[in-house]
Amino acid sequence: MRSAKTIRTIGTQGAELATLIKGTKVNLILCGNSWCRVTCQGRTGYVAQVYLRR
């Protein structure tokens with residue numbers, strides 16, 4: 001993660017599931033056009049792809 005961001009149920013208006021800080025490791029499930037489905041902290045949701053790095 002580049003900076004503190006939120007895992008959401010879906011899209012920018014989705015419910016917040018968890019807040020991730022820089023350096024948090026997530027498990028990538030799949031990526032679409034601009035959002036990635038990830039698991040972290042026992043939750044599955046979506047994060048904007050621009051905030052993820054390998």
Side-chain angles (χ1 to χ4, degrees):
M1 300 293 311
R2 290 185 184 175
S3 59
K5 295 299 167 195
T6 305
I7 295 179
R8 297 186 176 274
T9 52
I10 192 160
T12 58
Q13 301 301 315
E16 294 181 7
L17 299 176
T19 299
L20 305 175
I21 58 171
K22 184 177 180 178
T24 301
K25 294 187 186 279
V26 299
N27 296 311
L28 181 65
I29 298 172
L30 62 90
C31 285
N33 292 331
S34 61
W35 290 87
C36 293
R37 186 171 182 178
V38 300
T39 59
C40 184
Q41 302 172 356
R43 297 188 172 140
T44 300
Y46 295 84
V47 175
Q49 189 172 355
V50 298
Y51 298 115
L52 300 175
R53 66 181 174 118
R54 294 183 189 255

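- The minimum heavy-atom distance between Leu17 and Gly45, with the atom names listed, is CD1-CA, 4.0 Å.
- Pairing each heavy atom of Arg37 with each of Thr44, the nearest pair is NE-CG2, 3.2 Å.
- In this structure, Glu16 CD and Arg43 CZ are separated by 11.0 Å, a value rounded to the nearest 0.5 Å.
- In terms of heavy-atom proximity, Gln49 sits nearest to Asn33 at OE1-O, 3.6 Å.
- The two residues Val26 and Leu20 have their closest heavy-atom pair at CG1-CD1, 3.8 Å.
- Cluster annotation: Val50 is connected to Val47 through the hydrophobic network of ILVMFWY side chains, with a link wherever side-chain heavy atoms come within less than 4.5 Å.
- Annotation: disulfide bond (SG atoms under 2.5 Å apart) contacts of Cys36 (sequence neighbours excluded): Cys31.
- Of the inter-residue distances, the one linking Leu28 atom CG with Leu52 atom CG reads 7.0 Å to the nearest 0.5 angstrom.
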